Colleague: 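Here it is, the structure, as C-alpha cells.
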Amino acid sequence: MKLWRMAGGLASALTLVVLSPVSVGTAGAAEQVACGQAITHSITLRTDIGPCTADGLRVVASHITVDLNGHTVTGRNTRNTTEREQVGINLMNVTGVTVTGPGTVQHFDAGVAVNGGSQNQIVNLTARDNVNHVVLTGAMNPCSYGDGIVTDNSTDNVITGNVTSHNGPYDGIALVDASKGNRVSGNRSLDNDVSNILPNGQSGPCGPEGGGTASGRPHQDMGIRVEGPGATANVVSGNTTKGNQAAGISIHGTQRSIEPPNTANLVLDNIVTGNGFAGPGDTFDGILSLPGYESSTILPAFGNTFARNVSSNNARSGIYAGGGKNTIVDNVVNDNVRDGIELFGPSVDAGVVYAGSVDNRVVSNTGHGNGVFDGEDHHPHCDHNEWIANRFGTVNQPCVAAGGGTGTVPPGTPPVVEPTP
C-alpha cells in the first residue's frame, strides 16, 4: 500500500484556489453503539465505545452522519497479534458521509480510514495513539496502516479541523493510492513520532524493504503524507505540522513504469516547524518532495506547487524539492538546520548521469538564518531551474540570487560541478 511503507509574486505564479466552506450534516438521535457495528443510518453516540478487539465502527451506507458527540472510540492494538489490522472508524466505499466531533479515536492500527468512495468529510476529531500493532507487540505481520487519518483510493474528501498526534509508524494524515481532489485543511498534526522499532529493538516490517520481515525503514513518521501512486490535485492548506519524526509535509515518488505520478498537488499556507529530528544521522526536511533514486525505478514527484508556507526550525531543509517542474513561491524558510530551499542536483550511478530536479520555478521566497545556505541549487549555474526575486542572506552560487533577488556566496564556498560518468 505504501511506497515508503515504502518574476513577480504569488499572483503571477499560482492560480487562485477558492476553498468552499465545510457543511456538516445532522446526525440521528443519540443511541448505544457496539464495537464492530455496521453503521447504516445517521447516529449520535451516547457513550464511549471500546476497548474494541476489531474495528470500532464500520460505516457502510452513504449520505449519513456519524457524530461522536464528545465520546471516545478505543481499540486494543497492544493486544492484537493477528494479521488483520484494525481501524477505529472505517468508511467502506461510501459517498457523502460526515464523521464529526468533538470526539477521540485511539489505540487502533489506524484512527479513521476512508477506503474508496468519495465526497466524505472528517471533521473536528482527535486521532491519537493509533500505532500499528506490529511495532507494539512484535508480531511479524504485514503493515499497511499506522496513521491517524488515511484515505485510500478515495476522491474529493474534506479532512478539516482535526488533531492527529502520536500516531505511527507512518503519519498523522495520509493520502494513499489514487486519492485525488482531496482537501486537507486546518488540521494540526503534532508529534507523530513513533518509530518502526519492535519491542526487541529490531527494525520492524513497516515500510520499504520490510515486506513482513524485520528490515523496514526505522524512521518515517510524517505529519501529512501524499503517498499515491496517482495522488493528484489534492490541496493541503492551512495546517500546522510540528514535532513529527520525519517530514512535516511530504509528496512521494512512484514506480516509474507501472504507476501514475503524484502531481498537480497544492501545498499552501501551512506552518511547518520543528520536524524531522528522527535521530543522529537520520534527519528530514520540513516540506519534502521526493526525488528519484538513481538506478532505481522511482519517478520523482513533479509539477506540484508550494506557496505561502512558513517552514522553520526543521532538522534538515525548510523546503527540499527532489522532483521537477515545481512552483515554489512566497514561502518563508528561516532557521532550518541545513538550507532554506534546496533543489536536488544531478548525480551519477553505474555510469549514467541523472538530471536531478529541473525546470523548477522559485519565486519571491524569503529565507534567513539557515545553517548552510538560505537558497541552494545543486546544478551548476542553476541549469534548468529559475530563481527570481528571492530574498536570501546566503546562497551557494550567484544564480540563486538572480532575477532581482538578494543573497551572497560566503567566502570559500566551492563551485558546483557537473558530475561526469
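Just so it is clear, the model here is predicted, and its values are computed rather than measured. Atom set for the values below is all heavy atoms of this structure, side chains included, hydrogens, waters and symmetry mates excluded.
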Colleague: Has the side chain of D55 got a donor or acceptor atom that lies under 3.5 Å from a matching backbone atom of G36?
Modeller: no

Colleague: Using only heavy-atom distances, determine whether the side chains of N132 and E85 contain a donor-acceptor pair under 3.5 Å.
Modeller: yes

Colleague: Kindly give the heavy-atom pair with the smallest separation between S311 and I287, and that separation in Å.
Modeller: OG-N, 4.0 Å

Colleague: Which residues pass the side chain to side chain contact (heavy atoms under 4.5 Å, CB included) test with D335, not counting sequence neighbours?
Modeller: N313

Colleague: Could you tell me whether the side chain of N187 and the main chain of S189 form a donor-acceptor pair under 3.5 Å?
Modeller: no

Colleague: Is there a side-chain contact between I89 and L68 (heavy atoms, below 4.5 Å)?
Modeller: yes

Colleague: To the nearest 0.5 angstrom, please state how far the CE atom of M92 sits from the CD1 atom of I39.
Modeller: 12.0 Å

Colleague: Check the pair T366, R391 against side-chain hydrogen bond (donor to acceptor under 3.5 Å, both in side chains), reporting the backbone distance first and the verdict last.
Modeller: CA-CA 5 Å; T366 300; R391 299 170 295 282; 2.9 Å; yes

Colleague: So do T394 and D374 actually touch side chain to side chain, heavy atoms under 4.5 Å?
Modeller: yes

Colleague: Show your reasoning for whether side-chain contact (heavy atoms from CB on, under 4.5 Å) applies to I388 and R361.
Modeller: CA-CA 8 Å; I388 300 173; R361 192 163 187 261; 4.0 Å; yes

Colleague: Might you work through the side-chain contact (heavy atoms from CB on, under 4.5 Å) test for V59 and I64, ending with a clear yes or no?
Modeller: CA-CA 9 Å; V59 181; I64 65 173; 4.0 Å; yes

Colleague: Assess the side chains of T100 and Q121: does a donor N or O sit below 3.5 Å from an acceptor N or O?
Modeller: no

Colleague: Nearest 0.5 Å please: distance from the CG atom of N370 over to the CG atom of N334.
Modeller: 6.5 Å

Colleague: Could you grab the distance from atom NE2 of H71 to atom OG1 of T74, nearest 0.5 Å is fine?
Modeller: 12.0 Å

Colleague: Quick one: pull up OG in S312 and CG in N331 and give me the separation to the nearest 0.5 Å.
Modeller: 12.0 Å

Colleague: Is it true that a side-chain atom of D152 and a backbone atom of N115 form a donor plus acceptor pair closer than 3.5 Å?
Modeller: no

Colleague: Is there a side-chain contact between R76 and H133 (heavy atoms, below 4.5 Å)?
Modeller: no

Colleague: Please test C52 against F108 for side-chain contact (heavy atoms from CB on, under 4.5 Å), starting from the C-alpha separation and ending with a verdict.
Modeller: CA-CA 9 Å; C52 300; F108 293 91; 4.1 Å; yes

Colleague: Do we see a donor-acceptor contact under 3.5 Å between the side chains of T65 and S42?
Modeller: no

Colleague: Using only atom types and a distance under 3.5 Å, with no angle test, would you say the side chain of D48 pairs donor to acceptor with the backbone of T72?
Modeller: yes

Colleague: Rounded at 0.5 Å granularity, tell me how far CG in N162 sits from CG in N124.
Modeller: 7.0 Å

Colleague: Check the pair T95 / H63 against side-chain contact (heavy atoms from CB on, under 4.5 Å), numbers first and verdict last.
Modeller: CA-CA 6 Å; T95 296; H63 306 294; 4.2 Å; yes

Colleague: State, yes or no, whether a side-chain contact exists between V337 and T283 at a heavy-atom distance under 4.5 Å.
Modeller: no

Colleague: Checking side-chain hydrogen bond (donor to acceptor under 3.5 Å, both in side chains) against D171, which of R225, Q220, Q245 comes through?
Modeller: R225

Colleague: Which atom names give the shortest non-hydrogen contact between L343 and A321, and what distance separates them?
Modeller: CD2-CB, 3.5 Å

Colleague: Mind listing the closest non-hydrogen atom pair of V73 and L45 along with its distance?
Modeller: CG2-CD1, 4.2 Å

Colleague: Tell me the closest heavy-atom pair linking F302 and P261, and the distance in Å.
Modeller: CE2-CB, 3.5 Å

Colleague: Check S154 against G116 and note the closest heavy-atom contact, atom names and distance.
Modeller: OG-O, 2.8 Å

Colleague: Do you know the tightest heavy-atom contact between N265 and T232?
Modeller: OD1-C, 3.5 Å

Colleague: Does a donor on one side chain and an acceptor on the other come within less than 3.5 Å for T126 and R128?
Modeller: no

Colleague: Are any side-chain N or O atoms of S195 and backbone N or O atoms of I197, one a donor and one an acceptor, separated by less than 3.5 Å?
Modeller: no

Colleague: Between D129 and H166, do the side chains contain an N or O donor and an N or O acceptor separated by less than 3.5 Å?
Modeller: yes

Colleague: Nearest 0.5 Å please: distance from the CD1 atom of I328 over to the CG atom of N304.
Modeller: 10.0 Å

Colleague: Could you tell me whether a side-chain N or O of N234 sits under 3.5 Å from a main-chain N or O of S179, the two making a donor and an acceptor?
Modeller: yes

Colleague: Salt bridge or not for D330 and R308, using N-O below 4.0 Å?
Modeller: no

Colleague: Answer yes when D109 and R84 have at least one side-chain N-carboxylate O distance shorter than 4.0 Å, and no when they do not.
Modeller: no

Colleague: Short question: side chain of N182, backbone of N157 - any donor-acceptor pair under 3.5 Å?
Modeller: yes

Colleague: Can you check whether H379's main-chain N or O pairs, donor with acceptor, with D377's side chain at less than 3.5 Å?
Modeller: yes

Colleague: Here's a test for you: under side-chain hydrogen bond (donor to acceptor under 3.5 Å, both in side chains), which of N244, D147, N192, D193 qualifies with N167?
Modeller: N192

Colleague: So, do Y170 and C143 sit near enough that their side-chain heavy atoms are less than 4.5 Å apart?
Modeller: yes

Colleague: Less than 4.5 Å apart, side chain to side chain, heavy atoms only: is that true for P218 and S203?
Modeller: yes

Colleague: Does V267 reach the side chain of I251, with side-chain heavy atoms less than 4.5 Å apart?
Modeller: yes

Colleague: Can any side-chain N or O of T406 pair as donor or acceptor with the backbone N or O of F392 at less than 3.5 Å?
Modeller: yes

Colleague: Is there a side-chain contact between Q32 and T47, using heavy atoms and a 4.5 Å cut-off?
Modeller: yes

Colleague: Spell out, as yes or no, whether a donor-acceptor pair under 3.5 Å connects the side chain of E227 to the backbone of H252.
Modeller: no

